[in-house]
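A short worksheet on the structure shown next.
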Amino acid sequence: MLGRLKRRAEFVRAAKAGRKAARDTLVLQALPRTDDETRLGFTATKKIGNAVARNRAKRRLRAAARLHLTAHPAPGHDLVLIARDSTGSCPFPALMADLQSALRKAGVPPQR
RNA sequence: CCGGAUGGCUGGGCGACCGCUGGCGCCGCGAGAGAUCGCGGUUCUGGAGGAAAGUCCGGGCUCCACGGAAAUACGGUGCCGGCUAACGACCGGCGUGCGCAAGCACAGGGAAAGUGCCACAGAAAACAAACCGCCAGCCCGGUUUCGGCCCGUCUGGCAAGGGUGAAACGGUGGGGUAAGAGCCCACCGCGCUUCCAGCAAUGGCGGCGGCACGGCAAACCCCACCGGGAGCAAGGCCGAAUAGGGAGGGCCGCCACGGCGCUUCGGCGCUGGUGGCAGGGGCAUUUCCGCCCCGUCCUCCGGGUUGGCCGCGCGAAGCCUGCGGCAACGCAGGCUCCAGAGGAAUGGUCGCACACGGUUCUUCGGGACCAGGACAGAACCCGGCUUACAGGCCAUCCGGUAUC
C-alpha cells in the first residue's frame, strides 16, 4: 500500500509547510516531496469525540483516500487528512466529493 | 389480566463485492556456504466488550530492597460462619430499620480505659437541675358579707402537666398521696443472669434488679486481624557510524611543572596529568607569516541514541456432563484453542428481512414515505467493584382482581 506518516515531526512539517484546503467534512494538508512516493497521515483530535468516534472518523478517511487515490494517483506528496465533526456521520459520497475538491484546491494534480 | 420484587441471558440478523490486520502453507525475487532471513504476491483461516471504560480493591508476573521473629509508626478492614490464589468481592445466617407482602437498606467491634464534642432553642445538655407550674404551712400584707375565699411575699414538699430540642434520667394503665414520685402493682422496655437451642453472631423460657449506664468512635482513641516498594514506559536481548570513557600491550623526540616510589636528604627512578619547543594534519596548490586540530597503532571492556526482537497469549481458560454442598464454591471426566496491534487492525458500497421514531392514507385488517441502529474500542493478564446502556427474552416470587 501507500506509505504512512508516523512521526509527530512529519505531521508538524506538513502542517507548517503544506498547502491547506478546508471542507465541511475534512481538512487537507498537502506537502510536495522530492521523489514520487505518496504518503498519508490521518488525524482525529479529542474534539471529535470519544475513542470510538475518533477511530471511526479515521477509518472513513482512510477508506475514502484509498478509493480516490487508486483511481487518481497523486505521486510526490505527503497528504494529511484531519477529521471534523461530521466526518464520522456524513454520507460517504459527500466525503468523497470533499476529498476530490480539497485535493484540487491544494494543487495536487491527478496524474497526467 | 393489572401492579410490583428478585435473579439471569442477549447486546441488531443473513448474504455479495472491494479493502485492513495476525497465522499455517505455497509461489516469485534478493542475501547467505548453509541453517535461515528479508521483500512482494496468493489459497485457506483467526480478528473487540459486557462493560474492552473508570483505574477503586485483590492477585499473577517482573525488577528493586531485605538474615529470622517481634514491636512501633503509618495505611486498611471491622456482627457471625463459610468460600477463595487473594480481597474491602461473593454466599449463608443473625441483629436493627423500612414495606400489606415478595423483598430492600445498613462503616453493624468497644462509650462502666481515658480525652473531647453535643450548635440553636431551652430553666437545665450529664456526679442533674427547677422557668411557668402543683401542694402544704406561716399569718406578714391586701381583700371581706368575718365562715372563708382569692392574690402576693416568705418557708418547705414535688416533678404529674406546660414549653424547648435530634436528644430532658423509662412508657401505658391502676393503686397511692396534701400534691406527687417505681413509692407500690400489671404489662412493655432496659440491665444482670441460671438453664435450653446454636460452631458462632444470637435467640427462647424462667429468675433477679425498681431503673442506674443519654448520644457521637464516618472525633481522638482502645481492641482484633491484614499489609515491604514500584510497575509491561515492569524487565530482558541485539545494537551501525562518528565523537567520547576505561583497561592492557607495542612504537616515537627534548625541556619545565605536577604526581608516585626510593633515599645516605645531595638526589635517583618511574610517569602521554599539564604547558612549551620540535613533529604531523587542515585552511585548493608552492614559500613565508597567521589561524585551527592532534601522540600513534592493535586488542578488549563498559555505557547505549534512532531502531529491531522478546516479554505477548495454554490460562486461578472456556464449554458440556456427573457428583458433593441450601449457596458461594469444590472435585472428577470429556471436548475446544478463542485478537495480539504498535499513528495502533473491524471500514466502504449494495440487497433482503427486523425493532424503535416521525409524517401521512385507511375499508381499522393494514399500507406508503422519510430518517436511522443503546452505551461504547483490546494495548501484560486474571478475580471483583463502580459507572454508562436502545430494545428484546427467560425464570422464580408477592399483592390485587376474575373464574373454578
Side-chain angles (χ1 to χ4, degrees):
Chain A
M1 193 198 162
L2 302 166
R4 297 293 303 277
L5 271 65
K6 293 187 176 181
R7 230 166 281 293
R8 175 174 164 74
E10 297 170 338
F11 282 84
V12 170
R13 192 165 57 237
K16 294 182 88 167
R19 309 191 55 174
K20 301 180 189 63
R23 292 293 179 268
D24 288 343
T25 61
L26 57 86
V27 174
L28 171 73
Q29 294 169 342
L31 181 68
R33 293 171 57 84
T34 55
D35 57 20
D36 273 354
E37 196 179 349
T38 302
R39 297 198 304 165
L40 288 168
F42 302 94
T43 295
T45 64
K46 293 245 175 161
K47 191 184 160 201
I48 300 298
N50 59 21
V52 175
R54 294 197 301 273
N55 285 337
R56 176 173 170 79
K58 284 201 276 188
R59 284 194 290 246
R60 297 191 92 206
L61 287 176
R62 207 175 297 134
R66 181 178 66 85
L67 281 173
H68 188 269
L69 291 178
T70 50
H72 312 285
H77 286 87
D78 279 351
L79 301 174
V80 173
L81 293 173
I82 301 169
R84 309 194 73 171
D85 288 346
S86 60
T87 303
S89 58
C90 69
F92 196 71
L95 196 59
M96 290 293 289
D98 279 351
L99 175 60
Q100 187 169 2
S101 156
L103 282 169
R104 195 179 308 124
K105 167 77 183 307
V108 180
Q111 200 173 29
R112 43 278 163 197

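Predicted, not measured: the structure shown is a model, and the values here were computed from it. The chains referred to below are lettered A, B, ... by the order of the sequence lines, with proteins before strands, and numbering in each begins at 1.
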Original post:
Rounded to the nearest 0.5 Å, how far does CG of A:L69 lie from CG of A:L40?
Top reply: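 Between A:L40 CG and A:L69 CG, I get 6.0 Å after rounding to 0.5 Å.
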
Working to the nearest 0.5 angstrom, can you tell me the gap between A:T43 OG1 and A:Q29 CD?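 Reported to 0.5 Å precision, the distance equals 7.5 Å.
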
Tell which nucleotide pairs with [N], taking only Watson-Crick or G-U wobble pairs whose two distances are both under 3.5 angstrom.
| N | value |
| --- | --- |
| B:A234 | none |
| B:U55 | none |
| B:G357 | B:C370 |
| B:A379 | none |
| B:G95 | B:C106 |
| B:G318 | B:C335 |
| B:U396 | B:A5 |
| B:C352 | B:G13 |

(request) Using side chain to side chain donor-acceptor pair (under 3.5 Å) as the criterion, list what pairs up with A:T87, not counting sequence neighbours. (result)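 With neighbours one apart ignored, the set is empty.
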
Once side chain to side chain donor-acceptor pair (under 3.5 Å) is applied, do any residues pair with A:S101, and if so which ones, sequence neighbours excluded?
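In terms of side chain to side chain donor-acceptor pair (under 3.5 Å), with neighbours along the sequence ignored, A:S101 is linked to A:R23.
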
How far does the [atom1] atom of [N] sit from the matching atom of [M], given to the nearest Å?
| N | M | atom1 | answer |
| --- | --- | --- | --- |
| B:G373 | B:U401 | P | 48 Å |
| B:C56 | B:C216 | P | 33 Å |
| B:U84 | B:C63 | C1' | 28 Å |
| B:U305 | B:A52 | C1' | 36 Å |
| B:U346 | B:G340 | C1' | 15 Å |
| B:C220 | B:G109 | P | 15 Å |
| B:U285 | B:G279 | C1' | 22 Å |
| B:G253 | B:G248 | C1' | 25 Å |

Note to self: My understanding is that only residues two or more places apart in sequence, or in another chain, count here; which of them pass side chain to side chain contact (heavy atoms under 4.5 Å, CB included) with A:D24?
What the structure shows: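 Residues passing side chain to side chain contact (heavy atoms under 4.5 Å, CB included) with A:D24: A:D98.
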
Practice item. Please identify each residue that fulfils side chain to side chain contact (heavy atoms under 4.5 Å, CB included) with A:A63, with sequence neighbours left out. Key: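 Partners of A:A63 under the side chain to side chain contact (heavy atoms under 4.5 Å, CB included) test: A:F92.
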
[X] has an atom [atom1]; how far is it from atom [atom2] of [N], in whole Å?
| X | N | atom1 | atom2 | result |
| --- | --- | --- | --- | --- |
| A:R54 | B:A376 | CZ | P | 13 Å |
| A:H68 | B:C18 | NE2 | C1' | 17 Å |
| A:M96 | B:G19 | CE | C1' | 13 Å |

Glycosidic class, syn or anti, of [N] using a 90° window around 0:
| N | result |
| --- | --- |
| B:C338 | syn |
| B:G50 | syn |
| B:G365 | syn |
| B:G383 | anti |
| B:G162 | anti |

Under the salt bridge (Lys or Arg N to Asp or Glu O under 4.0 Å) rule, what pairs show up with a residue in residues 74-94 of chain A, not counting sequence neighbours?
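Every pair satisfying salt bridge (Lys or Arg N to Asp or Glu O under 4.0 Å) with a residue in residues 74-94 of chain A: A:R33-A:D78, A:R39-A:D78.
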
Taking only nitrogen or oxygen atoms into account, show me every contact under 3.5 Å that the protein makes with nucleotides 346-348 of chain B, one pair per line with its distance.
from   : atom 1 : to    : atom 2 : distance (Å)
B:G347 : OP1    : A:R59 : NH2    : 3.3
B:G347 : N2     : A:R66 : NH2    : 3.4
B:G348 : OP1    : A:R56 : NH2    : 3.3
B:G348 : OP1    : A:R60 : NE     : 3.2

Give the nucleotide from the list B:G377, B:U349, B:G343 with an atom nearest to the side chain of A:T43.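 So the nucleotide nearest the side chain must be B:G343.
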
Q. Which heavy-atom pair separates A:A102 from A:L28 by the least distance, and what is that distance?
A.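 Nearest pair, atom of A:A102 first, then A:L28: O-CD2, 3.5 Å.
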
